[in-house]
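Read through the structure below, which is laid out as structure tokens, and then see the notes.
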Amino acid sequence: MLAPSLPTNIPSHLGLRLLRATLNVRDFNRARQLFDNILQPDPTTCSTLISALTAHGLPNEAINIFASLRARGINPQKPVFLAVAKACAASGDALRVKEVHADAARCGVTSDVFVANALIHAYGKCKCVEGARRVFDDLVVRDVVTWTSLSSCYVNCGFPRKGLNVFCEMGWNGVKPNPVTLSSILPACSELKILKSGKAIHGFAVRHGMIENVFVCSALVSLYAKCLSVREARAVFDLMPRRDVVSWNGVLTAYFSNKEYEKGFSLFLQMSRDGVKADEATWNAVIGGCMENGRTEEAVEMLRKMQKMGFKPNEITISSILPACSFSESLRMGMEIHCYVLRHWKVGDLTSTTALLYMYAKCGDLNLSRNVFNMMRRKDVVAWNTMIIANAMHGDGKEALFLFDKMLLSRIKPNPVTFTGVLSGCSHSSRAGHLNEAYKFIQRMPMEPTASAWGALLGACRVYKNVELAKISAKKLFEIEPNNPGNYVSLFNILVTAKLWSEASKIRILMKERGIAKTPGCSWLQVGNRVHTFVVGDKSNMESDKLYNFLDELVEKMKMAGYKPDTDYVLQDIDQEEKAESLCNHSEKLAVSFGILNLNGQSTIRVFKNLRICGDCHNAIKYMSKVVGIVIVVRDSLRFHHFKNGNCSCKDLW
DNA sequence: ATAGGGTTAG
């Protein structure tokens, strides 16, 4: 059927009525054409169309209408700016807010508190704190909305501390916070885990009769949940006069993030009995809860259930579920999810795209990571960090350093994770002798070096056999995380390699004194549809006799090819012969042998280990790849090793 | 005109 022909040269008093009728039947194309044919549309007509397009998920079309006004010589009025600011907020495009802001300044409406508030909000949604600040600073009269918008802008852009400062400043300026202010500032306390300020705000809410507000209460539930105070989170929840889905979601996450999965799940079931329907976020919370509690398979199952119930996974679902692929090294499932993202959003959002590139790196395909990274339009610190870490994991320190420089050039401010990534990248690269520079790098870091930064340096010391620097790093690490066995074991290994036996045994005594046990090493690999796991001296496998016999034969062949067991790497107090035998039992050797036994015509096996690969095993697997003539990929806790024809991709720098 | 819940890197 043909649509009625479009009238032209419509007088403005008729235009609004015609436009409303068209919008009522949701014919947005026709609405746009109609609008073009209205002579001198009034501000209400313009804002009506812009708001309607935004409300129906067409913010960019809404902004285009706004842009067309200028071309038609129409000066936008305040209501038009309010509407287009909302469209910008929905589009998330900072450039468009800047354009609208500039237009508003040209029209002299930026001193209007309503327009300014809308602009601050839009800048906040587009993650542009500088813009929001500029609008704020240019204002002479500010109301509670102005203050609230600016502080929540800081909070949502990752500056919770600044958000709190604005909140305090607001009080000094005699502006009284309302429930909206409280609910938007509470997440800042949650993120910073400052229970004290949160409790003060809780008290304020009680004294000022805001405690019945469902928004404030839900924020309080999350505050207590984040500050590891589940009981109090539950108490606030129980006292609420009225609870909506969000309140339920909050209390679910409280249990999930505090390792009380069972309780969280039973509340999830109770929720529907109480007549509250789960929404998309509930499902995300449950999936995230499964993931946080190591229930990868259940997470995948819940994802299927979610879809069965008619909910579409969104970017947050994707970000939560992707680590499931990384943990299980399931490149195939990861790719399926990638395809889902491409089908639904063409490009995913920052978080899910970052999760994708991390997944590819973890599953062993650095090239796919690079492809994803290069296609990202916007890259934040986390994206850059992830790519740096991906390269470090795969031993490309040169690229990690290059990315670091490029990141600085793009004016992205590095954070402690960046430095850790770069350092661990350096420890894998062949730039020997740059260790002291790395040490200076750590000392000059604009923030207190984290345990992982020192850990990366310690790892590098092992590679370059720098005992003195190793001792310095280890000492720092023993202070920061005295109960992490990995640090003791690393220093022990470095001292052993340097043949400083007495110092090494001192470390072992220190471990005993402090009651620190070595984390048991464990390796696994997938054969067919099953994951097979091995620990040292594992005899639990059904075919363990066959496996050990095969390994014995293999070791003989390896020895003929020049392999010499290096018993320095054995921690137990046992004699040499036993040591050599114990070495053969290492979980990574068992897993690799099992993989070779079950090759089924494949030319590559992939083994994963929870700790760092042992020095002797590293050497042994090189020989295995040569003797058997296959590619063996081993991912240890730090990086990937690709063994081929007797060599490793890490060039023995690991 | 402003507001709550779900997420990424180590």
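Letters A, B, ... are given to chains in the order of the sequence lines, protein chains preceding strands, and every chain is numbered from 1. In this text the structure is predicted, and so the values were computed from the model without any measurement.
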Hey, does [X] reach any base, or is it just sugar-phosphate, or nothing, if we go heavy atoms under 4.0 Å?
X: A:Y358; value: sugar-phosphate
X: A:V144; value: nothing
X: A:D380; value: nothing
X: A:I316; value: base
X: A:P179; value: nothing

Task: Start and end of the DNA chain B segment that chain A contacts, any atom under 4.0 Å from a heavy atom - done: B:dA1 to B:dG10
TODO: Sequence neighbours left out, what passes side-chain hydrogen bond (donor to acceptor under 3.5 Å, both in side chains) with A:N156? Give chain and number order.
DONE: none
Task: salt bridge (Lys or Arg N to Asp or Glu O under 4.0 Å) partners of residues 213-224 of chain A, not counting sequence neighbours, each pair once - done: none
With sequence neighbours excluded, tell me which residues meet salt bridge (charged side-chain N to carboxylate O under 4.0 Å, His left out) with [X].
X: A:D365; value: none
X: A:R370; value: A:D396
X: A:E280; value: none

Task: Output field: ring centroids A:F237/A:W248 closer than 6.0 Å - done: yes
TODO: Check each residue of residues 116-129 of chain A for a non-hydrogen atom within less than 4.0 Å of any atom in DNA chain B, then write out the ones that pass by number, or none.
DONE: A:N117, A:H121
Open item on the list: Just to verify, what does A:A116 make a side chain to side chain contact (heavy atoms under 4.5 Å, CB included) with, not counting sequence neighbours?
Closed with: A:V135, A:L139
Open item on the list: Restricting to side chain to side chain contact (heavy atoms under 4.5 Å, CB included), what partner residues turn up for A:A254, sequence neighbours left out?
Closed with: A:A225, A:V230, A:A233
